[in-house]
2 protein chains.
Amino acid sequence: MTASDSSRQRAAKSIGSERAEHLAGLIMALARRDGMKAGDRLIEQRLADALDLSRAPIRLGLKALEAAGLARGEPHRGFVLTKNPTSGAAQPALAAVRRGEQVYASIAGDVLSSRLTADVTEAELMRRYDLSRAELQRLLDRIAAEGWIARLPGYGWRFAETVASPAAQAQATAFRVVIEPAAIAQPGYELSHEVIVRLRERQQRVLDGEFEKMTIGEIYQSGCDFHEEIIRGAQNPFFVEALRRVNSIRRLFAYRSFADRDGMRRHVREHLRLLDVLELRRYGDAAELMAKHLRRPLVAGLS
Amino acid sequence: MTASDSSRQRAAKSIGSERAEHLAGLIMALARRDGMKAGDRLIEQRLADALDLSRAPIRLGLKALEAAGLARGEPHRGFVLTKNPTSGAAQPALAAVRRGEQVYASIAGDVLSSRLTADVTEAELMRRYDLSRAELQRLLDRIAAEGWIARLPGYGWRFAETVASPAAQAQATAFRVVIEPAAIAQPGYELSHEVIVRLRERQQRVLDGEFEKMTIGEIYQSGCDFHEEIIRGAQNPFFVEALRRVNSIRRLFAYRSFADRDGMRRHVREHLRLLDVLELRRYGDAAELMAKHLRRPLVAGLS
DNA sequence: AATTGTTCTTTAATGCAATAATATACAATC
DNA sequence: GATTGTATATTATTGCATTAAAGAACAATT
């Protein structure tokens, strides 16, 4: 116990500034998502707003990015991307974000395959995953926010029945088939022109081949972003929230469902068609289209 | 600051065993919910299971109950209720639960009336509500679990847009009108006979006058329980979860909407009618009935 | 006018020891 | 056979000092 304890501490310390690299990864992921290119400026305040942080941590991330050779900073002129965020050179920076996800992923895997019981104590998890209390607590808070674990009144936590059940995937779809079309059919539904344009542009970029360079995680995320933006048009946060939660649980098994590239192309094309119908304000048709879209099998991991 | 700090500590210590009284309140609330009467036995393990605790804390609660004169314990024969849980004598014990809710309630009130900004820091909240870090954190965890606050990446937390908006109540209803009937209309929908019987019995009891003795909170809770049990029949935890979250947010403004007794009677009668239709497995009709039920105005706080 | 650079303040995380709360196991009793 | 009584082991909380991280304000630069 003392052995593993100290090894963990040493490991953490040896990585110069883990946080900075993590921030660099966040910035890079954002740049990718927004389709930035080499040469684009990285404006501190804009990044800070996008990531809900202040400029101080952003600055750390930018410096780490420079140290990694992905950005260049000149006095009083800020930082500029030197590599395309989709290029191979950008990969290590992005991996830094994922590294922090490893434990999260193994817990998710263990729950999904029932290697963990529904009820667990913190002590048990600390031992099992070699985490400090603080680390574990941050993790549990996050998982709780995603809705697949909840604190028990006494000691311990309980995983939600939502996960682990083999039927979960089908249930998630069934739920979405209800709320997403219904949201579009709500009386006050409206999607601003700007949003439609932005969404179309992003989907088009994916269709134009960018998705060859995307990770499964990014592809999944892009799909979720799209649907969340669409459902937001109902002007009812309860719909948005509900979809968010389903998506964060679907993410757990998304990694398993293998993505076939052809299905994906069709999938994105459906997104574009949906945008067209929405632009014409034919909400009844759009709702139907959405229902059909969701029911399509096989690419379940990507809708 | 040191002054308020120490006063808080003194207050906490002077209450002999706050936790035990709280537990007593939980037991009493459970007894009320289940329609127990004076003379009924309070079986430790059964209570422990119902409250997701072990026997040790239950025992503390039972002793506190005895100290309050609401239960009597005899060696090797356990505890027995000596007062009806609906009687006036039971009130103080139940109040102990609510006492712990005071800060929660004031935060809720402050958010609902925009006396708090959307973004807050822990330090700010600690000062404002005179809480220790630990106390505040438990509170924030709970609120986060209920879904109306979320941690920001840096310092601080952000209240969900779901709350505070004046439209929230209408939006919550709109959302329920979508998911509740849809759940009943799901292919695999089924409500076991036992559940129907239990629900009917409980609603009947309320109709038979018990609700005169119920607090607003209990009335609200009873309504939520009913609907959650109904939606559970869809065999899809996503529906249940979604409803739970809406309900935990609706609870925040439930206290404001004044309950008229007549509307409530009609409301409960509708619950009973719904059960009849469900028992006949006429799910299409039941779904329609549910939609109408939810749309009824005025008793919005109780559906 | 927008953006970066710098400094200072505020805020929260971490590790540790002491303490409290909860869970478990098994014997005793009805 | 179910329930209670009791002892013991496990688990988590609390307070505190230290340290790290983030935010805010304003000057400097383009």
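Here the structure is a predicted model, which means the values were calculated and not measured. Just so it is clear, the values below take in all heavy atoms, side chains as well, and ignore hydrogens, waters and symmetry mates. By convention in this document, chain letters (A, B, ...) are assigned in the order of the sequence lines, proteins followed by strands, and residues within each chain are numbered from 1.
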### Message
With a 4.0 Å limit, can you tell me whether B:Arg19 has a side-chain N or O closer than that to the phosphate oxygens OP1/OP2 of C:dT22?
### Response
yes
### Task
Round to the nearest Å and state the distance from B:His76 atom NE2 to D:dA2 atom P.
19 Å
### Query
Which of the following nucleotides, D:dT3, D:dT13, C:dT14, is nearest to the side chain of A:Gln137?
D:dT13
### B:Gln45 and B:Asp49 side chains, donor-acceptor separation under 3.5 Å
yes
### Query
From the list C:dT6, C:dA12, D:dA12, which nucleotide is the closest neighbour of the side chain of A:Arg133?
D:dA12
### Query
Picking from C:dA23, D:dG15, D:dT13, which would you name as closest to the side chain of B:Leu53?
C:dA23
### Query
Out of C:dG5, C:dA13, C:dT22, which nucleotide sits closest to the side chain of B:Pro57?
C:dT22
### Query
CG of B:Leu53 to CG of B:Leu47: how many Å apart, nearest 0.5 Å?
10.5 Å
### Query
Any side-chain N or O of B:Arg151 less than 4.0 Å from the OP1 or OP2 oxygen of C:dA12?
no
### Query
Are there more than 12 heavy atoms of other residues, nucleotides or ligands under 6.0 Å from atom CZ of A:Arg46?
no
### Query
How would you label the contact of A:Leu42 with the nucleic acid (heavy atoms, under 4.0 Å): base, sugar-phosphate, or nothing?
sugar-phosphate
### Message
Taking 4.0 Å as the cut-off, does a side-chain nitrogen or oxygen of A:Arg127 come that near to OP1 or OP2 on D:dT11?
### Response
yes
### Query
Does A:Arg77 make a side-chain donor-acceptor contact with the base of C:dG5, cut-off 3.5 Å?
no
### Task
Look at the side chain of B:Arg55 and decide which nucleotide, out of D:dC26, D:dT4, C:dT3, has an atom nearest to it.
D:dT4
### Query
Touch check for A:Ala56, heavy atoms < 4.0 angstrom, all strands: base, sugar-phosphate only, or nothing?
base
### Query
When you check the phosphate oxygens OP1 and OP2 of D:dT14, does a side-chain N or O of B:Arg138 lie under 4.0 Å from one of them?
yes
### Query
Closest to the B:Glu44 side chain: C:dT4, C:dG15, D:dT4?
D:dT4
